[in-house]
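Quick notes on the structure that follows.
Counting starts at 1 for both ligands and their atoms, in listed order. Because the structure is a prediction, the values reported are computed rather than measured.
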Amino acid sequence: MVADANLKEIEIDLEALERKYAEERAKRLRTDGVDQFQELKGKLADFDKDPNADPNFARDAIVEDVDAVLIGGGFGGLLGGARLREQGVDSFRIVEKGADFGGTWYWNRYPGAACDVESYIYMPMLEELGYVPTERYAKGSEIFEHCQRLARHYDLYSRALFQTVVNRAAWDEKRNRWVVTTDRGDKLSARFLVSCTGLLSTPKLAKIPGVESFAGHSFHTSRWDYAYSGGDQTGNLTGLQDKRVGIIGTGSTGIQAIPVLGQWCKELYVFQRTPSSIDERGNRPTDYQWIKSLKPGWQLERRNNFASILAGGKEDVDLVQDGWTAIVKDTAGPGVGADEQADPKELKLAEMRKMEETRRRIASIVKDPDTAEALKPYYTYFCKRPCFHDEYLDTFNRPNVHLVDTQGKGIERIVPEGVVVEGKTYELDCLVHSTGFEWLGDYSKEFGVEVIGAGGVSLADAWKDGPRTLYGMHTRGFPNFFLMHLIQAAGSSNYVHTADEQTQHIAFTIGECLRRGVQTVQPTEQAVESWVQEVLTLGSPRRQFLEACTPGYYNFEGNAGRVSALNEFWCGSPLEYNRRLQDWRADGELKDLETS
Ligand code: NDP
């Protein structure tokens, strides 16, 4: 795949641009890596309070024996529950920290929240539920409602334990049961345990000196306080009309919230460390005639087509034709599976032209030249997650919106009055932390559940040198335990697609075990070893690519260690991953699993 005609006309001074990329990267280098962030605990526990839940909620503790316990009620838990029902397994519980289903879409209700992956491929089970999203890029509230729709359709509310956190899950070898205990005193005993706590679900704050000293109002984007801001996800933030608001972070979340904040705040200060690449999103209402013209099975076909193109596959037609597929088609970039026949220098130039196009777009929209320059990204595509938005850049043309570029250094200090950058204090009434989430870090820490497997060995100990799984879903020593994550599973920009496949696989395995009277199931050591070797081998080009990148969460803030090589995706094509799982199920022999 090569760049299109317009891109080819963009002149690139390769050496000068490489120098510029290196200079920009150097500004961001620091030694503390992922330790520059902190959890919302201890002194920061207030940041983790759920603004959408009833703080006085109470219920009696439950003691119950079920076939399966699923931890997490986002798309993983929802699809898991749905697929279990399809397998005829009705005895299960879904334990969820929030007060409803939805996961990401329950928590992330910040103004402007939406999904920049096309709704027709992102929102699962559209054909099964007969639902058509109202627009190409659905808003967060519509996706959240779809989660609730899924839950109602598969009667999952009756299986849910909301506002409940699992503390511990221990394997009882005598009874072949998981014993799951929660912060509400529940004791659930289950034959199977499924972890569906998802990705990017543990919010984090930057360890900025004085972060807890701010005297104004402050919250993380995933815990948006509408009682303070007024309004809702669509705007109308009347509580901010007389406020000076600061927002830290310009990742995918920040760039969605900033346009709405800019519209409503008296003054908005955007504290930027590294600019995101912002390409056109091209949202539009759904064309229902087009939807009517689609043949059954269209959603899977469209999802597969997107996944294939994103993985560098050759497809006759690009069904989705959005910013994501454009980047890949125009660059065949090393982050996503380069064309092996292509000249590396040509590939490099194609990628640089594409990013130059993005920079030119910024310059054409943002009127103040210094602001436009500060918003330009100088790094390779897929070093950081690409962003797509149609209003973000124009927001900087508003007189009340101020970009504070920290030159890659981040914020110096937070003081009671506001935020300090390069010695200057920006006085604020409200400070929003759009500083992201834990990513492929220490799984046990992120999962937050003490998991004790066979022989009393904890998952944290078993994985102290890195995760060891089969398909990212089974791990040895932890019978009847399934994980849903991207760790050692197929990486995808559309995780719900992967999650959908994983839940079908897990539910099938559980269903088969119950039907066959299998008591315990776990992967063989050989199967795990072979999968781990695949993870390492297939991941090697991605690791090399990320090492040279500007720091960000993708490359563990520029400080990846050995464990992180195992915390990575299985870097083959998601379609190949799905095909292997489908073949395994079709084979029906429970191959590579040890059963008793
Ligand atoms: P990110 O981790 O992408 O962004 C965090 C931001 O905080 C970055 O801009 C980071 O700067 C900045 N930051 C961190 N520390 C400091 C500091 N000390 N001083 C100043 N700035 C700092 O989190 P997001 O919540 O934005 O996004 C996380 C992921 O969630 C996305 O990548 C995406 O996968 C998903 N998402 C998807 C959406 C969708 O539409 N599909 C929408 C929203 C999120 P720097 O870049 O320099 O590290």
- Query: Going by the order shown, which atoms of ligand 1 are within less than 4.0 Å of some heavy atom of Gly249?
  - Reply: 6 (C), 7 (O), 9 (O), 12 (C)

- Query: Of the protein's non-hydrogen atoms, which lies at the shortest distance from atom 10 (C) of ligand 1, and what is that distance?
  - Reply: Arg273 NH2, 4.2 Å

- How far is atom 35 (C) of ligand 1 from its nearest protein heavy atom, and which residue and atom is that? Leu200 CD1, 3.9 Å

- Task: Note the single closest protein heavy atom to atom 39 (C) of ligand 1, along with its residue, its atom name and the distance in Å.
- Result: Asp116 OD1, 3.3 Å

- Message: Give me the residue, atom name and distance of the protein heavy atom closest to atom 3 (O) of ligand 1.
- Response: Tyr553 CE2, 3.6 Å

- the protein heavy atom lying closest to atom 6 (C) of ligand 1 turns out to be Ser434 O, 3.3 Å

- Face-on cation placement of Arg109 at Tyr106 ring, 6.0 Å and 45° thresholds: yes

- Show which atoms of ligand 1 fall inside a sub-4.0 Å distance from at least one heavy-atom site of Thr435. 5 (C), 7 (O)

- Item | Distance-only side-chain donor-acceptor flag, Thr286 / Glu135, under 3.5 Å | no

- If we number the atoms of ligand 1 from 1 as shown, the ones under 4.0 Å from a heavy atom of Ala206 are 15 (N), 18 (N)

- So which of Thr104, Val421, Val419, Ile248 gets nearest to atom 22 (C) of ligand 1, if we judge by its closest heavy atom? Ile248

- Tell me, which protein residue and heavy-atom name are nearest atom 27 (O) of ligand 1, and how many Å apart are they? Thr253 OG1, 3.8 Å

